[in-house]
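Everything numeric here is computed off the predicted structure, so don't read it as measured data. Reminder, nothing fancy here: chain letters follow the sequence lines and each chain counts from 1.
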Amino acid sequence: MSSKVRTRFAPSPTGFLHVGGMRTALFAWLVAKQGGGQFILRIEDTDQKRKVEGAEEHIVECLAWLGLIPDEGNKERIRQSERVKNGIYQNWAEKLIESGRAYADPYSPEQVQEFRAQAQADKKPFLYRNHRPDNPPQWEPGLPLRFKSEPKEYVTHDAVMGDIKTGPEVVDDFILIKADGFPTYNFAHIVDDTDMEISHVIRGQEFIASLPNYRNLYEALGIEPPIFATVPHIMNEQGNKKLSKRDGAKDILDYRSEGYLPETMTSFLATLGWNDGTEQEIFTVDELVKKFSLDRVQKSGARFDERRLLWTNGHFIREMELSELYKKVAGFWPKTADKYDDDYKKKVLSLVQERLKYFAELPELSSFFFEEPPVDKNLIENHKKLKQYDKSQLKEMLETTKTKLEGIRNFKADAIQKALNELLEQTGEKPIVLFSLIRIAVTQAPASPGLAETLEVLSKDVCMHRIHRQIADFQV
RNA sequence: GGUCCCUUCGUCUAGUGGUUAGGACAUCAGGUUCUCAUCCUGAAAACACGGGUUCGACUCCCGUAGGGAUCACCA
């Protein structure tokens, strides 16, 4: 066997990619990079009926988002459908016919279905090989070609699952080439993996039951099998089935458009079913390349918990340099921010950075910095302390505040904080009363960054205006 | 139903015969002169069950239960 590491991601272009497929791709990429080898993208489009327009580009884009750039098959996409034209599968099929390990299937799908129904009625497992025709016709276009299996026991080693023991009853005659002339996945992937010198076949759990069949075919073909690695599925939030699109699994690119970082997705996906045995919770891509190993991948499925994803993203956002973060959030500002310059927006961003969990939250967290918010009476009426005060008392506090702030020469956070502290003494009020009142007057928001910093960024004029507005509101 | 795989806090997990069963997310409480968030401290929270093996089982074996995958001319 070649010692070169070559892995592949082999999706079918039938729709968008979700976290399950993405994680499988990530694992394959990590194994390739770790071994100094290649990562290959191969589009499994032998089922022309299920092909979805644009799905292929979508897959490439998803991979690129996480930096999983295929070493082959990116620009010159490797598509099975094109390899069909080259006659590769045909050649291998003919070899199998010659060696007596493949035969034309004379039955229609309906007839096969009847056999299957009969077996079910008899409560017996259905095996096609029990219905092998005695004298199969010559194989010709329009007839499916079946593999002639030689059932036996196997102990199949899987890099994730360990040794899997199976009996001969799971080995059967399966279709190699369909009536439409296209090879099935079961046949095509083995030919392709061999042809492309794939060293590790890393794929989802749905293929584990087919492994004995593949072993049998590898033997018939005289090919040394690659290393198998079967990755368990990511489960839905209820934990009762594999994550699927029907079940609300999101398009990977949705996370990008909501403002999740690629490093978040990479770390999150890798640690969903894998860990390095230490207490490290978050990994950079470089760390993963160094530390990842298939034998520490969990054997059972893990639930997809978006709250952990959110936490991971918040972590990366907080760690980021302001200027870098500023570039990344470019498309996420509220529309009203357009009129403001970079400097102002950067200041706002620095205040909301530690509160931001994903970029799409930015408008909600920052809108009052860019537009005058409407006065929201509920904020005071529902405030646990402020609701106990008369409007006239609140009005008086604000007027005192206004005068005090008016007198600040250099409207900076430390000077403002000093003034605010003096106001506490002056009015004899608790911070929770006075500061809450000012904060509401100025932001009209249930939450905001620190008061002094917020006032500074907003500027003296704006603060004066908004406090005045609140005072006026008390008079009505 | 057959076959294969799996089973530690609500969730993701550490753990490979002797541990006060550890961490993280989430939750709750306290602290950081206002809110939210961050940060810090703390709390609650788990070995599915039943048999063995053993001086001793979360760890090994068997069974039961539960969960998942698969049984296409789909991948």
Side-chain angles (χ1 to χ4, degrees), chain A residues 10-14 44-47 49-50 80 105 107-109 112-113 116 119-120 123-127 143-146 156 158 160-162 164-167 169-170 172 174-186 188-189 203-212 230 232-233 235 237 239-242 268 271-282 298-305 307-312 314 318 351-357 365 379 383 385-386 417 420-421 424 430-440 443 445-451:
Chain A
S12 55
T14 53
E44 309 259 337
D45 59 350
T46 54
D47 187 357
K49 293 184 290 292
R50 298 208 312 153
Q80 285 182 329
D105 177 356
Y107 301 114
S108 68
V112 177
Q113 186 48 43
R116 192 173 290 121
Q120 208 159 32
K123 305 209 169 188
K124 281 188 196 154
F126 169 72
L127 284 170
L143 284 183
L145 185 72
R146 258 185 208 270
T156 305
D158 185 281
V160 172
M161 295 297 175
I164 301 160
K165 297 185 189 71
T166 51
E169 71 280 0
V170 299
D172 195 14
F174 56 90
I175 302 265
L176 299 169
I177 295 187
K178 296 178 277 183
D180 65 4
F182 279 88
T184 58
Y185 168 85
N186 296 144
H189 89 273
R203 84 247 276 196
Q205 201 187 155
E206 64 270 30
F207 297 105
I208 200 161
S210 309
L211 243 30
T230 302
H233 283 133
M235 310 298 282
E237 217 127 355
N240 59 3
K241 52 175 111 110
K242 74 171 177 179
F268 175 78
T271 53
L272 196 58
W274 173 87
N275 70 82
D276 70 343
T278 72
E279 287 180 354
Q280 186 167 348
E281 305 285 346
I282 289 183
Q298 218 68 18
K299 290 186 188 179
S300 55
R303 283 187 215 193
F304 180 66
D305 182 5
R307 286 174 304 185
R308 196 180 169 85
L309 180 72
L310 206 58
W311 168 76
T312 310
R318 268 174 262 129
L351 294 192
V352 299
Q353 179 169 12
E354 69 180 21
R355 288 148 241 261
L356 199 57
K357 294 278 193 284
L365 293 176
L379 290 172
H383 190 102
K385 295 286 180 195
L386 294 179
Q417 190 60 58
L420 289 172
N421 289 342
L424 287 176
K430 293 245 169 68
I432 189 164
V433 174
L434 185 66
F435 291 178
S436 295
L437 177 63
I438 301 171
R439 201 175 52 72
I440 289 168
T443 67
S448 75
L451 187 53

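Rounded to the nearest Å, the gap between the C1' atom of B:C12 and that of B:U7 is 15 Å. Taking atom C1' in both B:C58 and B:C6, one finds a spacing of 16 Å when rounded to whole Å. Taking atom P in both B:U38 and B:A21, the straight-line distance is 31 Å, to the nearest Å.
Across all strands shown, A:Gln298 has heavy atoms under 4.0 Å from sugar-phosphate atoms exclusively, and none from any base. Within 4.0 Å of A:Lys299, counting heavy atoms only, lie sugar-phosphate atoms of the nucleic acid but no base atom. At the heavy-atom level, A:Lys165 lies under 4.0 Å from the strands shown only through sugar-phosphate atoms. Heavy atoms of A:Gln120 sit nowhere under 4.0 angstrom from any nucleic acid atom. Among the heavy atoms of the strands lying under 4.0 Å from A:Thr271 are primed sugar atoms or P, OP1, OP2 only; no base atom is included.
Atom NZ of A:Lys385 has 12 or fewer neighbouring heavy atoms from other residues, nucleotides or ligands inside a 6.0 Å radius.
B:C25 atom C1' lies 13 Å from atom CZ of A:Phe304, rounded to whole Å.
Of all nucleotides present, none satisfies the Watson-Crick or G-U wobble test against B:U16 with each distance under 3.5 Å.
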Contact state string [nucleotides 68-75 of chain B, B base, S sugar-phosphate only, - no protein heavy atom under 4.0 Å]: SSS-SBBB
Under 4.0 Å protein heavy-atom contact, by nucleotide of nucleotides 34-47 of chain B - B base, S sugar-phosphate only: BBBBSS--------
